[in-house]
Every structure is written in C-alpha cells, then in structure tokens.
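Each chain gets a letter, A, B and so on, in the order its sequence line appears, and its residues count up from 1.
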2 protein chains.
Amino acid sequence: MTLSQLTFVGLGLDDERSISLRGLDLAKEADYVFAEFYTSLMPGLDPMNLEKLIGKSIIILKRDDVEEHAKSSLLDRIRGKRAVFLVPGDPMIATTHIDLRLRAEKAGIKTYVIPGASIFSAICALTGLQAYKFGRTVTLPHIDSGSLPESPYDHIKANMENGLHTLALLDISAERNYYMTIKEGLEYLRQVELNRKQSVVPDSRVVVGVARAGGGDALAKTGTVRELVGYDFGGPPHSLIIPSRLHFMEAEALQILTGARPGAVRA
Amino acid sequence: MTLSQLTFVGLGLDDERSISLRGLDLAKEADYVFAEFYTSLMPGLDPMNLEKLIGKSIIILKRDDVEEHAKSSLLDRIRGKRAVFLVPGDPMIATTHIDLRLRAEKAGIKTYVIPGASIFSAICALTGLQAYKFGRTVTLPHIDSGSLPESPYDHIKANMENGLHTLALLDISAERNYYMTIKEGLEYLRQVELNRKQSVVPDSRVVVGVARAGGGDALAKTGTVRELVGYDFGGPPHSLIIPSRLHFMEAEALQILTGARPGAVRA
C-alpha cells in the first residue's frame, strides 16, 4: 500500500512566482493539488496562472470544506495518494492549518511543510524594523454594533512595556470579500483608548500602516494615528504596526523606507 | 544613465531549490549576483548548484566585505547596474543586511527585497506552536571564560510572564565553522539560572530543541532541560524554544510532531 502524504506548500505573498522551486516540484509530482484563498489575499495571484505553472488543475477549498468537512473533502480523498495543499503566505501561520495537519496525522496521513515567505518577513522588509523585537501579534476586530473586545489593546500595552513592537493584523473575510482597512483598525484602537484612557494609542502615537505587504505595489507609511486615519492606502490587504522603543537603525529605516519625519521617530 | 538597483533575495532554508521563482528570475536577469553564507547555515546548499541553477557565477562576500568594506566590495561596483544579493533564509531578518540596505539607499541605489522562508516559519512548521504567540527572540551566547550576559534570561522571563513563547537562536560563527549546540544553549541557561534562581529555566522546564530547521532532515524534540541537555541532535544549525502557556492545540501538536509525553505538555 502506498503511503498517504499531505504536504502544505507556502505560496508566499505576491503572485504565482512567489512559490519556492521545491514547492512547485512537489505540486507537479502530486496526485492531487488543493489550494485555499480564504486565510489571506495575494493581490497578484490568478489561480489560472498557478494551474498553468503546475500543469494540472487545482481543487480550490472553501473555509467550510476544511474546517467542517475535512474528512470528506480532503482526508478521505487522499488515501494512498500524494497530495499538496497550496496556502497563501507561510502555511503554518494560520491556526486552521495546524488543526488540519494534526487531524491528518491522527488519520494516519504523513504530513510535510514547505515554508513560504510570511507577513512577518514582508513587514520587516518594508519597514526595516527588526524581526527579533516584535512581541505578540494581535488581530484587530471590526467595530460592530455589538461588543468591543479590549484584549488586543492589552497585548499592545504589554508589548510596549517590554520594548516590543506589535504587528496588528486586520480582520478579513475573503468569502464576504471584506478586508478591514488601516482606517478601521485605527478607529477601533481610538475607541478602546477612549474607554481605557491609558495612553497606549493616543492620537499622537506614531504607527506604521502597511498595504499589500509582499506585493509589487506594497506601501508602508509612518505617521501619527491622527495623520494615518485620514490617509488613503489603496487596496487590501492592510495591516498596522505599533512600534515601541526604536533602535537608531530602526528610526533611520522608518525615515528612509516609510517617509517618517526625522522629528517623529527617534531612537 | 541606468538606475542602480540592489535586490536582496531570500534563499529560504534548505538548499538551492528553496528560492522563490521570482527570486531566481531576478538573479538570472541581474548584471551581478552576490551571495553571503555567514549569517546562517543552509545544510543542503552547495554554491556550485546555485550557480548552475542561475546560469552565472556568484560573487561570495565575507562578513568583512559587507560590514567593513561595503563601499568598495559592493556599492561602488554596482553603479548603473542591476545587482542581486542572495541571503540565506529571509534577507531582512539579519540586522547587518538592514544596515547594508540603508547604506545603499543613502548612496542613491534603489533597493528591493524578495522575502524568503525564515527560521520563524520553520519552527512553527516543526513544532505546531502558534506564530502569533511568540515574544521577543533572543540569541544565546556561548559560555566563555569571561562574562555571562543575563539579558536573554530576562527576556525569556518577560515573555513567559506575558504568556509568550521564546525562540532562542544560538550563536554561530560560520567563518570559524562554529555552531553552538542545543546542549551548550541549555548549559548557558542553567548557569544563569544558578546565579539568578528565579525558576525561569529550572531543570524541570519543558523546552523544545530544533536542529536543521527547514532542512530535509530537520528534527524537533520536546523534553525537560535535564533530558535534552544529554540528547544528541546531530549536525547544525540548532535552536531552542522555551514555550510559555500552551493552547490545547499546541500541546497536542508538541505530542504528535515532537514526541512530547502527554503528561509533560498540558494546555
């Protein structure tokens, strides 16, 4: 009996040419190639181009296929086969794929991972902030009519107290075609700041907005909360960085790479 | 006059096939291709194979060429040219390359970055620990005859108090062919624990040793400090993770992927 194999392959961040040579080799050799595009948006990716590159058709899975019906839509189909699952960015960043991987292993399917460039790589490349100085990553929720969770504010505060930058991811729902904007992220933070008044993200706080990280037309811009809430960053996806204390090289990088005013960013 | 361009391209983690298609395209089109292999070790990489893949010769730079003589060895040579600089892993993880990039920009050379898979991607893939729950990354020094810096211990403590895992990189010096081992990293932590006695890394603490992250024969193993200090992880590079509180899925992942005993890792 042939061994069942499921290899998660990172697609990287931009378009179909962000995949690694090894990842492409494995997709070409696989019996089945699956992909998902709901955990993040690759601005330049056209699944047709990806199929052309691999030379075979791709089975695109929706969130429900993976999270509710993994057994029938994926695990049962790949018994005795070699399957590749293409994932935007780096495959093990999304908790949903760690979950799928563990389910596969428990079902006797051997799993492998070919990493890809992640949002973490891209934000360091765009801003010059140092990777080792980031603390816990948060996801900012959209301000709805209902509740206003404050835990992201608390995590930003804890990071800042420890001299650590915070990467704030913004809520996305690819299936509803909803991508939260930097403006909405800042509005959420302003609202919690109003409630808590602990000067974690006052209007004068210098933050960095990042749009289309990893894409050919990526944009990173540094400014105060007040300045950036009105700035047009263009299309999605967006994310936000709340820097803590800066190393002098980081302050210089924010000036050169993201247009920060020298007076606004000091080491 | 042609624009001067310097593009940093991530080579990823394993061998010459870890590069992205975009990165390879740019190297093929470049007037000059530089590379360095001193910031980290790619266990499977042979520079000859990389040259064959790109179809041109690669100028390998040493640490001194970049950090002391960047102007003559690199920046002056690429005036009016398109140059690619190949870097193991993800190019902007190493502070030395952020520095080089800023120097290039100040010298009027336009810079670009093609991200690659980084050690952060690889450790999440190997262990199932969640990327967003990592705090500040530390580098552990080798215990020499001289001083014993305690700041990594303090950072691990602060991360742990905030429920954040710590990735501990281990000192390397590629030019002396020295790669610190997990055993040496644990001995450093034990020594500081002896001095400080704050139960940050007692002998009963469960940690994860990772060897050759991203490589085909990568190994991740969970155990107590006491158990892992005597474990043979094989060849370099090595790194270490000090997990904080675990999500139930992380506890399960450490059992399935890294051989943790169910009693040793609890959510």
Undergrad: Does a sphere of radius 6.0 Å around CZ in A:Arg196 hold more than 12 heavy atoms from other residues, nucleotides or ligands, not counting ones at 6.0 Å or beyond?
TA: yes
Undergrad: Grab the two heavy atoms, one from A:Glu252 and one from B:Leu102, that are nearest each other, plus how far apart they are.
TA: OE1-CD1, 3.6 Å
Undergrad: Counting neighbours of CZ on A:Arg261 that are heavy atoms of other residues, nucleotides or ligands and sit closer than 6.0 Å, is the number greater than 12?
TA: no
Undergrad: Quick one: which of A:Ser121, A:Ser118, A:Gly135, A:Gly128 has the most heavy-atom pairs under 4.5 Å with chain B, could you say?
TA: A:Ser121
Undergrad: Measure the CD1-CD1 distance between A:Ile19 and B:Ile19 for me, rounded to the nearest 0.5 Å.
TA: 14.0 Å
Undergrad: Need one label for A:Asp90: side chain, backbone, both or neither, based on atoms under 4.5 Å from any heavy atom in chain B.
TA: side chain
Undergrad: Please state whether the side chain, the backbone, both or neither of A:Ile114 comes within less than 4.5 Å of a heavy atom of chain B.
TA: neither
Undergrad: Who wins among B:His97, B:Arg17, B:Met92, B:His155 for the most heavy-atom pairs under 4.5 Å with chain A?
TA: B:Arg17
Undergrad: Sort out for me which of B:Glu16, B:Glu250, B:Gln130 touches chain A most, counting heavy-atom pairs under 4.5 Å.
TA: B:Gln130
Undergrad: Please identify each residue that fulfils ring-ring contact (aromatic ring centres under 6.0 Å, His included) with B:His247, with sequence neighbours left out.
TA: none
Undergrad: Tell me, for A:Ile256 versus chain B, whether the close heavy atoms (under 4.5 Å) come from the side chain, the backbone, both or neither.
TA: side chain
Undergrad: Just wondering, are more than 12 heavy atoms of other shown residues or ligands nearer than 6.0 Å to NZ in B:Lys56?
TA: yes
Undergrad: Closer than 3.5 angstrom, by distance alone: can the side chain of B:Arg101 be matched with the main-chain N or O of A:Ala125 as a donor-acceptor pair?
TA: yes
Undergrad: At their closest point, which heavy atom of B:Leu129 faces which heavy atom of A:Ile98, and how far apart are they?
TA: O-CD1, 4.4 Å
Undergrad: Please determine, among B:Asp25, B:Leu53, B:Thr137, the option with the most heavy-atom pairs under 4.5 Å with chain A.
TA: B:Thr137
Undergrad: In terms of heavy-atom pairs under 4.5 Å, which option from B:Gly116, B:Ala131, B:Ala94, B:Ala158 contacts chain A the most?
TA: B:Gly116
Undergrad: Tell me, please, which residues at least two apart from A:Phe120 pass ring-ring contact (aromatic ring centres under 6.0 Å, His included).
TA: none
Undergrad: Verify side-chain contact (heavy atoms from CB on, under 4.5 Å) between B:Asp15 and A:Arg22, making sure each step is shown before the conclusion.
TA: CA-CA 9 Å; B:Asp15 62 16; A:Arg22 162 92 4 88; 3.1 Å; yes
Undergrad: State which residues pass ring-ring contact (aromatic ring centres under 6.0 Å, His included) with B:Tyr188; sequence neighbours excluded, sorted by chain then number.
TA: none
Undergrad: So, do B:Phe134 and A:Arg136 sit near enough that their side-chain heavy atoms are less than 4.5 Å apart?
TA: no
Undergrad: If contact means a heavy atom pair closer than 4.5 Å, which residues of residues 160-173 of chain A contact chain B?
TA: A:Asn162, A:Gly163, A:Leu164
